Amino acid sequence: MFASAAAFSKKKPEASVSLANDDILDGLMGELHKSSKVTKHTDTKSGQPAAKKVAYNPFSVERNSFPRSEESITPKASLTVKRGLSYDKVKPQTQKNLTVSSPVSRTYSERSVSNVTVEQDEDLPENEEFNNGSQTMETTVEDSPTESIDLADIGFDDDMVDTSSKPEELEVKHDVVHDNLQMDTKKCNQLISEEILTLGWENVGNNGQSETHMDFTVDNSNLPLVTNSTGEQVLRFYWLDAYEDPYHQPGTVFLFGKVFVDSVKSHVSCCVTVKNIERRLFILPRVKRMNLKTHVESTEETTLPMVYEEFQRIAEKHRINEFRSMKVRKNYAFEILEVPVEADYLEVRYSAEHPVLPSDVKGETFSHVFGTNTSSLEHLLLNRRMKGPAWLELKCPQVPATETSWCKLEIILAKPDYISVSDNQSSPPPLVVMTLKLQTLPNPKTRQNEIVAAACLVHCDFQMDRPAPKQPYQQHFCVISKPSDSIYPFDFRDQITKQTKRMKIEITPGERGLLGFLLAKIHKLDPDLIVGHDIYGFDLDLLLHRISANKVPHWSKISRLKRTFMPKIVQSHGKATFAEKSAVCGRMLCDVQISARELIRCRSYDLSELAKQVLKQERTELDYDEVREMFSSSLQLLKLIEQTLLDSLFILNIMYELSVVPLALQITNICGNVMSRTLMGGRSERNEWLLLHAFHEKQYVCPDKEFRKKQVLPVGDDEDGDQSGSKKMAQGKRKPAYAGGLVLEPKKGFYDTYILLLDFNSLYPSIIQEYNICFTTISRSAATTEVHDDDEACLILPDHDLEPGVLPTEIRKLVDSRKLVKTLMKNSDVSHEQMMQYDIRQKALKLTANSMYGCLGFTFSRFYAKPLAALVTGKGREILMQTKDLVQKMNLDVIYGDTDSIMINTNSVELDQVYKLGNKVKSEVNKLYRLLEIDIDGVFKSMLLLKKKKYAALCVHRSPDGQVTTSQELKGLDIVRRDWCDLAKDAGKYVVSQILSGETRETIVEKIHTKLQEVGDTVRSGDIPLTLFYITKQLTKNPEDYPDKKSLPHVQVAMRFNSKGGKKMRAGDTVPYIICEDGSTMSATQRAYHPDELIKQDSLKVDTKYYLAHQIHPVVARLCDPIQGTDSAHLAECLGLDPSGYRHTTHHEETAEEDLVTLQLTMEEKFRHCDRFTFSCPSPNCGRQIVLDSVFTGNVSI
DNA sequence: ATGGTAGGCTAGATGA
DNA sequence: TCATCTAGCCTAC
Ligand SMILES: [Mg+2]
Ligand SMILES: [Mg+2]
């Protein structure tokens, strides 16, 4: 192992691996050299007692001793652990103290608040004598065996643990409280409410529980093994997260998850180090040997032995001195044209400790080498068929000699083959979930944000396959530190002490103490999942920066992997970098902002808005000034703490409400990726994993990941010829690469007869199946070589009897699973809980199937296939046109259609007839296709069709008991867009509901006019809540990155907002602003102000004229465009605007359009669809039909 | 860093 | 002055 470590350290010049990560690499490499030295130390001293065993690492940041404080050096009483003395002496380094925190432990609650840091001491160096590099560690604590906890904290990082050695024992101390938990759950089985919060947090927490301890030991003969279905002894391990460090520990993947330990009757965290994952190359032989200089092919045919020989030479040149090889037959179906569909490859395997081959190596005897840069993680997940979190069975588990993780249990596997996915997938283990909410303040001197408070809630028994728990959490804690420039209120400690029953508060003297406490808590509670809001955009980066700036020891406790050096962190405006994202490995991170972005549409995704929209609860946002102010009095400070706790609760509840975790689990199990990545969003990666698994299974060589495409700057890469000269900004918005869906020209106007909406069920996934569109079934060579590359005509569709390709098969699996789930859901005796779970699964299946097409057209996808994407949309256009033609041939009136839908004006007012007609059309259309299916998606009682993608309709619903209800469906109109103010949208909504109401034209027009006058008056009177004036727009770039910031109001507002310090607005944030009168004569865009500015500056007033003329008027005028009896000018007049400017507005288009359907609302017109009122003569022997033509005038015909 | 295209609309720039 | 273009947003599929 030393040899390999040394050999690897020689690899320093290999920095070419990734130019972008130079700084990261340097940092990591530096660490490698240093820590490998430590490793040596450690091992040569084996045999020494534990306390003296680990040498001090002179390079570790952790040498910095924690400031002495009474709290921090108080020995922890509960650390008195019974241990086998004999083991102590023989192999002390194998001991591991395992503390399983009680789910309901009240370790803190019985102590005075200022003394709750007991856990810290196990995390902190005990004294300053640590300073001499050659010195071994000593302790000041009497009970020295407990010190072994600290030993592995140092010098662990690059231990290449010799797996052939037999680590003997792992001692475990466990604070078990399983029974207590159950008791506690029962007691606290109540919904949290605001009242409870204000009464005290302990009401839902852990009151009156006591801690119990149980000691148990784990060693190789004592691992919690079980017998699997084939009778083998295996360790059952549920994997949740995976991590690899390809630079330091190539060939090693760390799996993190849980193991059930019977002796303590609970699941404990476990880190599995999978070693010796080999690199695998697939070398494609040339048919004939080629001279690489002249590119001339010789007549000599190549053989695999010749390839082997040449590769051996090349390998040696790259210092790969050992490898194995064999002949394999593999398929290929991707974008490199020269690669045959099927061929014999030379598969080469070699240790990942040897260098990576450049991905473009070529030889005289071979043309391509695949898999040069494939990660160990990919090899592991694909070869072991690990598709998302699952129970694994681990054979030959070994206990490591040195601790590498912060987990309760550690296992080493000498090779990946020891892993198999269990055929007995029982429920996933319960997770420990912890929320995290930070309060920060900018340091007035450095202007950098510092952390002043943190609040956490903990749920110790979260089930990923169940609906949200009734009790949101069991434990809570807060930690507060005073800002560097202030002091605590004089009576703060007293006040806090009074509150101990309500809230568990830890007071620390400064940020460093806070961070130390937080890390210790994370270690102790050992959460599997940390939840926050904007963690990836703010908290994580900040946390790591502050830990680093304060030189807080054991930074890596934030994760589950012990590491000495923090990844290089750069100034990144709060946005977490790649390195930072991997800093928390082993614990999944759930950022509810990211999740909400994926799952729901929201005006904004900040915490207040999410709380309002998702939880229907109001949250108050705290200004930095307010936070600072709150440090001046104890009462205020307590309020701050409570507010922070409340935010934490919001975060947790938002996650529950959106079912983020159950959904992510389902998606991950479907796609076969890593769950922590699913939680980070990004559809493409999920799709890639799904396809990787599928193609790997079918013996395909997959496209390699391409790194750093050198920013080719292909401005005119498409020979489109159009004026593409000015391709603004990095990737502002690229122009489309191929044609998409067809949108039929709408027959605009108002309809008061039933409209049928027919819609193909998931059109694109269906097309892929219907036409068997796949990498494997369609040759793209013509399309990519020909000049007309966006012409899908040259693609040849596969025969109908050709076996389905990989892509259609995968989609079919998804669709079939979904059907199955849906039939299960129809079963009446499913529990509510089960139903929720089914629904989540079917949603996940649908999402995955639908994102398949998108990823085909995604330029940076590993499976990018523009011709296929274009073919799919092409077929879609064809199908929509066919459908339209068919429907028109049935003598029906197609008024609109978008991509996969057709709207038909039935001209009927009989609902039954309409459905009958719909079903007839449906069956006619469906006759044309094998799988593709159109369905009735809705029936509209009335509809206002304004433009392509813009309409409003009254949707009819028939309940089983025959009752008919209606609901509004609004699509694309201004009133559903967030960039119009509520004032305008509300007016618009009123107008729409009037138009759809079915009343006579005269009434409608009159009501609209009246309403507008009223609105105009109210606006001018100023008696309107400010929020109605908010216009919100998202920043798509960071404000400073806009080339033309001057004319963009939201950018200007954001720039001013950012300039005042504190939290910054960044790309993705939503900026609210109000157009104001500020005395200047500048254009409206120059007079946009943030609501705070308007409130604070008396000189600013809402520009009511702007809102009437540029918000309400255009919105309303567009809606009323097809309505006769009013016009733009009239509407303007009602609003109190000068109508002259609106006289003959933009009707230059309409004049040509004769098919404009106008609102026909005279009495006669309105009832034109009514049948005549007829009835049979009631006289038994008469039977004549009597017709009442004019009910009120009395004309009767017989 | 990382699904897609189609389309409406505003405000500002540009040119006849 | 008007027509035409572009950037930027947000929406419908
Ligand atoms: Mg559809
Ligand atoms: Mg549709």
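Just the heavy atoms: all of them, side chains too, but no hydrogens, waters or symmetry mates, feed the values below. A note on names: the letters A, B, ... follow the listed sequences, proteins ahead of strands, and every chain is numbered from 1. Keep in mind it's a predicted model, so treat the numbers as computed, not measured.
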Base, sugar-phosphate, or nothing: which does [X] touch, judged by heavy atoms less than 4.0 Å apart?
| X | result |
| --- | --- |
| A:Arg601 | sugar-phosphate |
| A:Ser1083 | sugar-phosphate |
| A:Gly854 | base |
| A:Ala1084 | nothing |
| A:Ser851 | base |
| A:Thr873 | nothing |

Check whether any side-chain N or O of [X] sits under 4.0 Å from OP1 or OP2 of [N], and answer yes or no.
| X | N | value |
| --- | --- | --- |
| A:His1050 | C:dG8 | no |
| A:Ser684 | B:dT2 | no |
| A:Lys1033 | B:dT10 | no |
| A:Lys948 | B:dG7 | yes |
| A:Tyr951 | C:dC13 | yes |

To the nearest angstrom, how far is [X] atom [atom1] from [N] atom [atom2]?
| X | N | atom1 | atom2 | value |
| --- | --- | --- | --- | --- |
| A:Tyr536 | B:dA1 | OH | P | 13 Å |
| A:Tyr1073 | B:dT10 | OH | P | 13 Å |
| A:Lys735 | C:dT6 | NZ | P | 12 Å |
| A:Lys971 | C:dC10 | NZ | C1' | 15 Å |
| A:Tyr738 | B:dG4 | OH | P | 8 Å |
| A:Lys1037 | C:dC10 | NZ | P | 12 Å |
| A:Arg734 | B:dT2 | CZ | P | 15 Å |
| A:Phe863 | B:dG3 | CZ | C1' | 14 Å |

Nearest atoms (heavy-atom pairs only) where A:Arg686 meets A:Thr678:
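The answer is NH2-O, 3.0 Å.
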Are A:Asp1044 and A:Ser1047 linked by a side-chain donor-acceptor pair shorter than 3.5 Å?
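There is such a pair (donor and acceptor under 3.5 Å, judged by atom type) between the side chains of A:Asp1044 and A:Ser1047.
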Under a plain distance cut-off of 3.5 Å, with no hydrogens placed, do A:Gln882 and A:Tyr929 share a side-chain donor-acceptor pair?
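There is such a pair (donor and acceptor under 3.5 Å, judged by atom type) between the side chains of A:Tyr929 and A:Gln882.
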Taking the minimum atom-to-atom distance to the side chain of [X], which one of [options] wins?
| X | options | result |
| --- | --- | --- |
| A:Val976 | B:dA6, C:dT11, B:dA11 | C:dT11 |
| A:Leu1048 | B:dG8, C:dG8, C:dC10 | C:dG8 |
| A:Arg978 | C:dT11, C:dG8, B:dT10 | C:dT11 |
| A:Val743 | B:dC9, B:dG7, B:dA11 | B:dG7 |
| A:Phe858 | B:dT10, B:dG7, B:dG3 | B:dG3 |
| A:Asp900 | C:dC13, B:dG8, B:dG3 | C:dC13 |
| A:Tyr853 | B:dG4, C:dC13, B:dG8 | B:dG4 |
| A:Asp979 | C:dC10, B:dG7, B:dT5 | C:dC10 |
| A:Pro736 | C:dA12, B:dT5, B:dC9 | B:dT5 |
| A:Phe860 | B:dG8, B:dA1, B:dA11 | B:dA1 |

Do A:Arg977 and C:dC9 have a side chain to base donor-acceptor pair shorter than 3.5 Å?
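Yes, a donor-acceptor pair under 3.5 Å.
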In whole angstrom, give me the gap between the C1' atoms of C:dC13 and B:dG3.
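To the nearest whole Å, 14 Å.
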One pair to check against side chain to side chain contact (heavy atoms under 4.5 Å, CB included): A:Met852 and A:Leu690. What are the steps and the verdict?
CA-CA 10 Å; A:Met852 216 85 157; A:Leu690 189 146; 3.5 Å; yes
Pair A:Tyr1107 + A:Phe1029: ring centers closer than 6.0 Å
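A:Tyr1107 vs A:Phe1029: aromatic centres under 6.0 Å.
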Geometric cation-pi criterion, A:Lys875 with A:Tyr771: 6.0 Å, 45°
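Yes.
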Within 45° of the axis and under 6.0 Å from the centre of the six-membered ring of A:Tyr1042, does NZ or CZ of A:Lys1037 qualify?
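So A:Lys1037 does make the cation-pi contact.
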